[in-house]
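Atoms considered below: every heavy atom in the structure, side chains included; atoms not considered: hydrogens, waters and symmetry mates. Since the structure is predicted, the reported quantities are computational estimates derived from the model, not experimental observations. Residue numbers begin at 1 in each chain, while the letters A, B, ... track the order of the sequences.
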There are 2 protein chains.
Amino acid sequence: MSVEFDQIAFGPAYRKVADAIGERILTRALREGERLPAETELARQFGVHRSTVREALRELQSRGLLERRAGSKLMSVSRPPRAHIAAGISHALLLHDVTVRDVWQALTILEPPIARAAARARTAEDLAALEAATAAFGAGMADPKEAVRHTSAVFRCIAGATHNTVLGLAQEPLLQLLEPSLRVIIDRVQQARSRIGTAHAHLSEALRAGNEVQAMRWMERHIADFSRGYELAGIDMALRLSL
Amino acid sequence: MSVEFDQIAFGPAYRKVADAIGERILTRALREGERLPAETELARQFGVHRSTVREALRELQSRGLLERRAGSKLMSVSRPPRAHIAAGISHALLLHDVTVRDVWQALTILEPPIARAAARARTAEDLAALEAATAAFGAGMADPKEAVRHTSAVFRCIAGATHNTVLGLAQEPLLQLLEPSLRVIIDRVQQARSRIGTAHAHLSEALRAGNEVQAMRWMERHIADFSRGYELAGIDMALRLSL
DNA sequence: GATTCTATGATTGTCGGACAATCCGGCAAC
DNA sequence: GTTGCCGGATTGTCCGACAATCATAGAATC
């Protein structure tokens, strides 16, 4: 007789509590927005002390599975916000000695097809959002900080127009990582602003027309321009990114 | 006189402690492998209670910034392991109602250029690893579970051959998400195994020859085949992924 | 009756302390 | 040199406590 044993649940109690709650969230037994019982109540249910529960909650919180909604003490279930997990990815990449070139190469690969998909799938709302973002870039060009923010925003709009969450999420950490260096470029390279503006305009137009090839081409050019920008700004692309 | 005020640090103490330690890690003031002081000592240094420190540690631990190395009680600084953050991303995508098609589309975009880059940048070791992985797939074909594992492994080898951490990390969650459904395909579709094997062989060959176009073409075909596989296995690609 | 104030209770954030289990390092015994 | 044992350090968990915050219900006021 061969008996199959389940893997023994190792590890400290706070981990088991976190796993138990986390599993309920991932299987949607607990739905988004639903509020968890109070800590004391959880402690009672799990048969552990409140401190133990709290450690578990901290873990789930930092995974973005729980959040505290404004004006409520009780934790509620949440889907991890994009920016939140993107930040985690960015940090991980930083520590893995990622270079500017690595990130740029990833953009090279990712963005043109995203633009193409966006040209295919964009709705009228996507278009409006994109045009608002490009307009904001034109208006806020003076302040480098704003210019960078709006450049990222345009990327986000385009990725959003694909209606594919995976693509949006894949892009996000790259933007986060590049923003600082992008700012340096915009600061140092005079023609950067106008070239970015031109690219935005053509991308916008291509998406409006639903012209996939055009969208892809302009995005390729846009990303390639970044490489020129790094050169002109005197940034070594082999340099490790840092905070 | 205009005085600039720093933003007031809001939030509970455990967050501030976590931020303080996390910042040291991200700026590399604490280097990888370095061991943190004991909890009591940290509590003394920060002037808070040990429970508070522990909550902060749980958070950093779940971000992958700290880990407990085998046989050591003290926490040590770590760079978040790829699989760890990929799991976080997978969970997030799950909760964001990602469909099989979304993930597949991302693969469609990502993998062919990865294969191309790999053909360009692969070293002899990469090649050896890849060939070992394809061989393992051939050997373990019988067990569907193993077959899936090795299929992913081949993808990982190829991404590894690009020597671009960003690409490897971008790919990882996609593999994690697709593995279950891939297994269904291999289970149900007879010719799946051999077609995957063929693709592996050609990819391997292309990488050996440094033939970028060939690598890309075969990867395109490989990924496109997945779509066929879903169809043949009767899996609706518009279906939400779930655990 | 509607509104404002207040008391009350629930809940979190933080603290103090405690103790068993485990692990490290050193030291003695073999 | 290896083995076994002991003391100290460290974690995991518990108990209990209390201030601050917030919601709610109920009382007081207009």
Side-chain angles (χ1 to χ4, degrees), chain A residues 7-25 30-78 81 84, chain B residues 7-25 30-78 81 84:
Chain A
Q7 189 136 21
I8 295 178
F10 257 42
Y14 60 78
R15 164 142 315 267
K16 290 181 205 151
V17 171
D19 285 348
I21 299 176
E23 200 233 335
R24 292 260 197 130
I25 296 175
L30 287 168
R31 277 163 307 176
E32 183 190 357
E34 204 158 338
R35 283 193 299 184
L36 238 50
E39 293 171 356
T40 45
E41 173 59 17
L42 287 171
R44 195 191 60 71
Q45 288 184 25
F46 283 109
V48 298
H49 193 259
R50 188 162 78 100
S51 313
T52 307
V53 170
R54 282 178 66 82
E55 293 187 35
L57 293 181
R58 288 296 88 75
E59 178 174 330
L60 294 165
Q61 203 174 20
S62 93
R63 284 209 264 159
L65 264 36
L66 291 180
E67 68 174 355
R68 204 182 312 281
R69 285 203 156 132
S72 169
K73 312 200 110 177
L74 266 30
M75 293 277 212
S76 46
V77 176
S78 77
H84 184 246
Chain B
Q7 189 136 18
I8 294 178
F10 257 41
Y14 61 77
R15 158 134 321 236
K16 289 182 203 150
V17 171
D19 285 349
I21 299 177
E23 200 233 336
R24 291 261 196 129
I25 296 175
L30 288 167
R31 277 162 308 175
E32 182 189 357
E34 203 159 339
R35 284 193 299 183
L36 237 51
E39 293 171 356
T40 45
E41 172 60 16
L42 286 172
R44 196 191 58 72
Q45 287 185 27
F46 284 108
V48 298
H49 192 260
R50 187 161 79 99
S51 313
T52 307
V53 169
R54 283 179 65 83
E55 293 186 35
L57 293 182
R58 289 298 86 77
E59 177 173 331
L60 294 165
Q61 205 174 18
S62 92
R63 284 210 266 160
L65 264 36
L66 291 180
E67 66 175 354
R68 202 180 315 279
R69 284 202 156 131
S72 170
K73 312 199 107 177
L74 265 32
M75 293 275 214
S76 46
V77 176
S78 77
H84 184 249

query = For dT12(C), does OP1 or OP2 lie under 4.0 Å from any side-chain N or O of R54(A)?
reply = no

task = Check whether any side-chain nitrogen or oxygen of Y14(B) sits under 4.0 Å from OP1 or OP2 of dG13(C), and answer yes or no.
result = yes

request  = Could you please spell out the steps behind the side-chain contact (heavy atoms from CB on, under 4.5 Å) verdict for L65(A) and I21(A)?
outcome  = CA-CA 9 Å; L65(A) 264 36; I21(A) 299 176; over 6 Å; no

Looking at every heavy atom in both [X] and [Y], which two are closest together, and how far apart are they?
X	Y	value
H84(B)	R63(B)	CE1-C, 4.1 Å
L42(A)	P37(A)	CD1-O, 3.8 Å
R31(A)	V77(A)	O-CB, 3.5 Å

query = Are the side chain of R68(B) and the backbone of K73(B) linked by a donor-acceptor contact shorter than 3.5 Å?
reply = yes

With side chains defined as the heavy atoms from C-beta onward, is the minimum distance between [X] and [Y] less than 4.5 Å?
X	Y	value
R69(A)	R35(A)	no
L36(A)	L57(A)	yes
E55(A)	R58(A)	no

Rounded to whole angstroms, how far apart are [atom1] on [X] and [atom2] on [N]?
X	N	atom1	atom2	result
F46(A)	dT13(D)	CZ	C1'	16 Å
R35(A)	dT12(C)	CZ	C1'	14 Å
M75(B)	dC23(C)	CE	P	16 Å
R68(A)	dA10(C)	CZ	C1'	14 Å
R69(B)	dC23(C)	CZ	C1'	18 Å
E55(A)	dT11(D)	CD	C1'	10 Å

Pairs under 3.5 angstrom, nitrogen or oxygen only, protein versus nucleotides 14-18 of chain D, please.
residue : atom : partner : partner atom : Å
dC14(D) : OP2  : H49(A)  : N            : 2.8
dC14(D) : OP2  : T52(A)  : OG1          : 2.7
dA17(D) : N6   : R50(A)  : NH2          : 3.4

inquiry  = For DNA chain D, which residues of residues 36-45 of chain A approach it to below 4.0 angstrom with any heavy atom?
reply    = none

message = Going by the rule side-chain contact (heavy atoms from CB on, under 4.5 Å), which residues pair with R24(A) if we only count those two or more places apart in sequence or in a different chain?
response = A29(A), L30(A)

ask   = What residues, two or more places apart in sequence or in another chain, satisfy side-chain contact (heavy atoms from CB on, under 4.5 Å) together with R44(B)?
value = E41(B)

I'd like a list of close polar pairs between nucleotides 20-22 of chain D and the protein, N/O only, cut-off under 3.5 Å.
residue : atom : partner : partner atom : Å
dT21(D) : O2   : K73(A)  : NZ           : 2.7

message = Run the side chain to side chain donor-acceptor pair (under 3.5 Å) test against S51(A) and tell me which residues pass, sequence neighbours left out.
response = H49(A)

